[in-house]
Each structure stands twice: as structure tokens, then as C-alpha cells.
Amino acid sequence: QVLAEHIQVLDHKLQGDSGAKFTDVQQLHDRVAACEAHAHDMGAARDELARACKALEAQLGQLHENADRSEAAFRSLAEQHGSALEAAKTASGRLAADAKAREAVLAERFADLEKKLADAQHSNSEELLQVRSKLEQALGRLGHCE
């Protein structure tokens with residue numbers, strides 16, 4: 001309706017203006033029709049863009065949901081692995097303490113064994129000296145008997 005009023009105003013101006021570009025009213029109507037068709041095409045393009053925008057928003061929403069699920073899964077796995085790591089650390093500490101205790105016991109037993117070996121060697125040395133002494137005495141007596 002507003003467009004029709006504008007056409008009438010332009011039609012009156014053009015009839016009175018001999019130097020105007022559009023002297024023929026039909027040309028003006030054709031031009032207005034082309035503009036209306038172009039406006040209709042622009043409206044369709046705008047509607048198509050709105051649909052594409054809604055589709056992209058839906059995809060973005062799904063991406064956000066997927067990211068949230070992934071973050072929750074990673075958080076859960078991190079907690080699980082963290083507790084498993086703590087358990088491994090605890091077990092490792094306990095094994096290290098057991099190993100140190102065993103090492104201390106082994107060191108004590110080794111020291112006791114070394115002492116016993118030293119005592120046995122000393123005792124064997126004394127016995128060997130006594131046996132030599134007796135052997136020399138026996139050989140000396142044998143030598144006198146011959």
C-alpha cells in the first residue's frame with residue numbers, strides 16, 4: 001500500500017519533469033516489480049540463513065554436550081588413576097620399608113656369620129698349630145727311635 005502511494009507520487013513527478021530518467025510509467029512499474037522480486041529473493045535468502053543459523057546452533061549445543069561428557073569422563077578417569085597411583089605409592093613405600101628392614105636383618109646376620117667365620121678360622125689356626133706341634137714331636141720321637 002505504501003509502495004503504491006510512492007508509485008503515484010513518482011508518476012506525478014515524472015509527468016511534470018521532462019528531463020527525468022524514467023519518462024515512461026511502464027518502465028517505472030517494471031523497475032518497481034524487479035525491486036519487489038529482489039526483495040522477495042532477499043527474504044527467502046534471509047529465511048534460509050535463519051534455518052542454517054538454527055542448525056548451527058543445534059550442532060553447537062551438541063558439541064557443548066559432547067565436550068561436557070568428555071570432560072566428565074576425563075575427570076573420572078583422572079580420579080581413578082589418581083587413586084590407583086596413590087595406592088601404588090603406598091605399596092611402594094611399604095615395600096621399600098620392608099626391604100630396608102630385611103636389609104638390616106641380612107646385614108646383622110652377615111656380620112654374625114663373619115664373626116663366626118673369623119672365630120672358626122682362629123680356632124682352626126690354633127688347632128692346626130697344636131696338630132703341627134704334636135706332629136713335630138711325634139716325628140722328633142721317631143727320629144730318636146731310629
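- Going from atom CG of Leu95 over to atom NZ of Lys100 covers 12.5 Å, rounded to the nearest 0.5 Å.
- Considering CD of Glu136 and CG of Leu139, their distance stands at 7.5 Å, rounded to 0.5 Å.
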Which donor-acceptor pairs under 3.5 Å do side chains of residues 82-94 form with protein atoms, sequence neighbours excluded?
residue : atom : partner : partner atom : Å
Ser83   : OG   : Glu79   : O            : 3.3
Ser83   : OG   : Gln80   : O            : 2.8
Thr90   : OG1  : Glu86   : O            : 2.9

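- Qualifying side-chain hydrogen bond (donor to acceptor under 3.5 Å, both in side chains) partners for Glu57, counting only residues two or more places apart in sequence or in other chains: none.
- Not a single side-chain contact (heavy atoms from CB on, under 4.5 Å) links Glu108 to another residue, sequence neighbours left out.
- Rounding to the nearest 0.5 Å places CD of Gln59 at 7.5 Å from CD of Gln62.
- By the 6.0 Å contact criterion, CD on Glu48 is open, its count of non-hydrogen atoms from other residues, nucleotides or ligands being 12 or less.
- Residues passing the side-chain contact (heavy atoms from CB on, under 4.5 Å) test with Arg69 are Glu65, Asn66, sequence neighbours excluded.
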Going by atom type alone, with no hydrogens or angles, which donor-acceptor pairs under 3.5 Å involve a side-chain atom of residues 115-131 and a protein atom two or more places apart or on another chain?
residue : atom : partner : partner atom : Å
His122  : NE2  : Glu126  : OE2          : 2.7
Asn124  : ND2  : Ala120  : O            : 3.4
Ser125  : OG   : Gln121  : O            : 2.9

